[in-house]
Trainee: 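The structure that follows is given in the form of structure tokens.
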Number of protein chains: 2
Amino acid sequence: MAQATERLQRYLEDELGACRTEDVEQRLDELSTLETALEVEQVTTELDVLSSLANETRYTLVRVLVGAQEELCVCELHAVVDVTESGLSHALSQLVDAGLVTGRKDGRWKKYRATNRAITLITVLEGSVSDE
Amino acid sequence: MAQATERLQRYLEDELGACRTEDVEQRLDELSTLETALEVEQVTTELDVLSSLANETRYTLVRVLVGAQEELCVCELHAVVDVTESGLSHALSQLVDAGLVTGRKDGRWKKYRATNRAITLITVLEGSVSDE
DNA sequence: CTAGCATATGAGAACTTAGTCATATAATAC
DNA sequence: GTATTATATGACTAAGTTCTCATATGCTAG
């Protein structure tokens, strides 16, 4: 980190014209404040949500559930993804953990529904990618 | 898929009371419509965006850039993540590819800035995770 | 209460990714 | 020009992820 700090010092000298050790300290402080603006726990949750969506199988499941606007049975979801039933189960349980879908047992069938979190995220992501 | 289709048939019988082969066909059709509602290319882009964000190093970089509301030098970004300069470069170039940040050369320094896409996504994600 | 069906879970093989070191490029200072 | 500094790229390894098969659980129909 020593070398990196020296570089930051040279950069600040370049930008500000002059730069003392305190200026570097202060800048490091500001940067660290930006980095820790969020609770570690919240960032962890956000990363879980992102990782859960960042996979073709799981993303397809969420897109379909959001599009359906109703709960769908596992056996219906099986028709839209190309994995075994076991793989489908794993995918759905990861999505439940990330708070993107909820599951409900209905007799011998199990039905899943997209959460508001999933609806919001998918909607915004699709919007941000389509109008570029 | 044959076995899966049989299950879907049993499910629809259970739900609708009756179910002919055409009903199964129609449901499969509806599901496939949901799945292909988006262009393959757009889904690919969306998955790229999600995968790029779904990593602690890259997510931190984007969060900091969004929070900073201004461009930051690579040497400043180096202070907030725990990787080598090389790793930082790799991370930033993946973020550029995903359209989440843009880079600009300024003399011997290189500065990065969050794109609107990044700002929107981070804002919505943080909102959706904090109010649960 | 047993058999069969729907879904879940665990362990492990195949693939993917993140980071590192070595090296390349490109700007500046001398 | 050459040396130095800032960042990028390529090749590789370690670690992580995503599936699959085997097996478990828990309904329900008979």
Side-chain angles (χ1 to χ4, degrees), chain A residues 2-15 44 47-62 71-79 81-98 101-112, chain B residues 2-15 44 47-62 71-79 81-98 101-112:
Chain A
Q3 208 168 0
T5 306
E6 286 168 28
R7 181 181 312 180
L8 181 58
Q9 172 141 19
R10 280 191 294 274
Y11 174 66
L12 293 176
E13 266 160 16
D14 224 49
E15 291 289 298
T44 305
L47 279 168
D48 278 355
V49 170
L50 289 167
S51 316
S52 299
L53 286 175
N55 164 270
E56 182 167 7
T57 298
R58 292 187 302 262
Y59 189 57
T60 301
L61 291 171
V62 176
E71 56 185 12
L72 294 178
C73 174
V74 171
C75 63
E76 292 178 297
L77 291 170
H78 197 191
V81 290
D82 192 27
V83 292
T84 60
E85 281 163 37
S86 170
L88 176 54
S89 252
H90 281 298
L92 288 168
S93 86
Q94 189 168 341
L95 290 172
V96 169
D97 289 347
V101 309
T102 54
R104 170 177 87 84
K105 256 201 151 178
D106 184 15
R108 55 176 168 155
W109 312 97
K110 182 135 183 196
K111 298 177 177 176
Y112 285 90
Chain B
Q3 207 168 357
T5 305
E6 285 168 28
R7 181 180 311 179
L8 181 58
Q9 172 140 19
R10 279 191 294 272
Y11 174 67
L12 293 176
E13 268 160 15
D14 225 48
E15 292 290 298
T44 305
L47 279 169
D48 278 355
V49 170
L50 290 166
S51 316
S52 300
L53 285 175
N55 165 267
E56 182 167 7
T57 299
R58 292 188 301 264
Y59 189 58
T60 301
L61 293 171
V62 175
E71 55 187 14
L72 294 178
C73 175
V74 171
C75 63
E76 292 179 299
L77 291 170
H78 196 191
V81 290
D82 192 29
V83 293
T84 59
E85 281 164 37
S86 170
L88 176 54
S89 252
H90 281 298
L92 287 167
S93 88
Q94 189 169 339
L95 290 172
V96 169
D97 289 348
V101 309
T102 54
R104 169 177 88 83
K105 254 198 154 177
D106 184 13
R108 54 177 169 154
W109 313 97
K110 183 136 182 196
K111 298 176 178 177
Y112 285 90

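Note that this is a predicted model, so its numbers are computed, not measured.
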Trainee: Rounded to the nearest angstrom, tell me the gap between atom OH in A:Y11 and atom C1' in C:dA27.
Mentor: 15 Å
Trainee: Can you check the B:L77 CG to D:dA6 P distance for me, whole Å?
Mentor: 15 Å
Trainee: Do side-chain atoms of B:E76 reach the backbone of B:C73 as a donor and acceptor pair under 3.5 angstrom?
Mentor: yes
Trainee: Which sits closer to the 5' end of DNA chain C, A:C75 or A:D14, going by the nucleotide each is nearest to?
Mentor: A:C75
Trainee: What is the distance, to the nearest angstrom, from the CZ atom on A:R104 to the P atom on C:dA6?
Mentor: 17 Å
Trainee: May I ask you to test the B:L95-B:V62 pair for a side-chain heavy-atom distance under 4.5 Å?
Mentor: yes
Trainee: Take a 6.0 Å sphere around CD of B:E56 and say whether it holds more than 12 heavy atoms from other residues, nucleotides or ligands.
Mentor: no
Trainee: Under the side-chain hydrogen bond (donor to acceptor under 3.5 Å, both in side chains) test, which residues partner A:K110, sequence neighbours left out?
Mentor: none
Trainee: Does a side-chain N or O of B:Y112 approach OP1 or OP2 of D:dA6 to a distance below 4.0 Å, or not?
Mentor: no
Trainee: When the distance from NE2 of A:H78 to C1' of C:dA8 is rounded to whole Å, what number comes out?
Mentor: 14 Å
Trainee: Can you name the side-chain contact (heavy atoms from CB on, under 4.5 Å) partners of B:D97, sequence neighbours left out?
Mentor: none
Trainee: Quick one: list whatever passes side-chain contact (heavy atoms from CB on, under 4.5 Å) with A:S51, sequence neighbours left out.
Mentor: B:A54
Trainee: Look at B:R10 and C:dA6 and indicate whether a side-chain polar atom (N or O) is within less than 4.0 Å of OP1 or OP2.
Mentor: yes
Trainee: Looking at B:D82, I'd like to know if its CG atom is crowded, meaning that more than 12 non-hydrogen atoms belonging to other residues, nucleotides or ligands lie closer than 6.0 Å.
Mentor: no
Trainee: Restricting to side-chain contact (heavy atoms from CB on, under 4.5 Å), what partner residues turn up for B:V83, sequence neighbours left out?
Mentor: B:T57, B:V81, B:L88
Trainee: Calculate the interatomic distance between B:E13 atom CD and C:dA6 atom P; express it in whole Å.
Mentor: 11 Å
Trainee: Between the protein and nucleotides 20-25 of chain C, which nitrogen or oxygen pairs are less than 3.5 angstrom apart?
Mentor:
from, atom 1, to, atom 2, distance (Å)
C:dT20, OP2, B:T84, N, 2.9
C:dT20, OP2, B:T84, OG1, 3.0
C:dT20, O4, B:H90, NE2, 3.2
C:dC21, N4, B:S86, OG, 2.6

Trainee: Listed by chain and number, what are the side-chain contact (heavy atoms from CB on, under 4.5 Å) partners of B:T102, not counting sequence neighbours?
Mentor: B:R113, B:T115
Trainee: Can you measure A:W109 atom CH2 to C:dG4 atom P for me and round it to whole angstrom units?
Mentor: 17 Å
Trainee: Below 3.5 Å between N/O atoms, which protein atoms pair up with nucleotides 13-18 of chain D? Just atom names and distances, please.
Mentor:
from, atom 1, to, atom 2, distance (Å)
D:dT18, OP1, A:R58, NH2, 2.7
D:dT18, OP2, A:R58, NH1, 3.2
D:dT18, OP2, A:R58, NH2, 3.4

Trainee: List in chain and number order the residues that pass side-chain hydrogen bond (donor to acceptor under 3.5 Å, both in side chains) with B:D106, two or more places apart in sequence or in another chain; answer none if no residue qualifies.
Mentor: B:K111
Trainee: Within a strict 4.5 Å, meaning less than it, do heavy atoms of the B:Y112 and B:V96 side chains meet?
Mentor: yes
Trainee: Check the interface with nucleotides 25-28 of chain D: list each N/O to N/O pair with the protein under 3.5 Å, or write none.
Mentor:
none

Trainee: Would you say B:R58 and B:L53 make side-chain contact, with heavy atoms under 4.5 Å?
Mentor: no
Trainee: How sharply is the helix from C:dC1-D:dG30 to C:dC30-D:dG1 bent, taking the axes over five pairs at either end and rounding to 10 degrees?
Mentor: 20°
Trainee: Can you list the residues that meet the ring-ring contact (aromatic ring centres under 6.0 Å, His included) rule with A:Y11, with sequence neighbours excluded?
Mentor: B:W109
Trainee: What is the distance, rounded to the nearest whole Å, between atom NZ of B:K110 and atom C1' of D:dT9?
Mentor: 12 Å
Trainee: Between C:dA6 atom P and B:Q9 atom CD, what is the distance in whole Å?
Mentor: 12 Å
Trainee: Please enumerate all residues that pass side-chain hydrogen bond (donor to acceptor under 3.5 Å, both in side chains) together with A:E85, with sequence neighbours excluded.
Mentor: B:R7
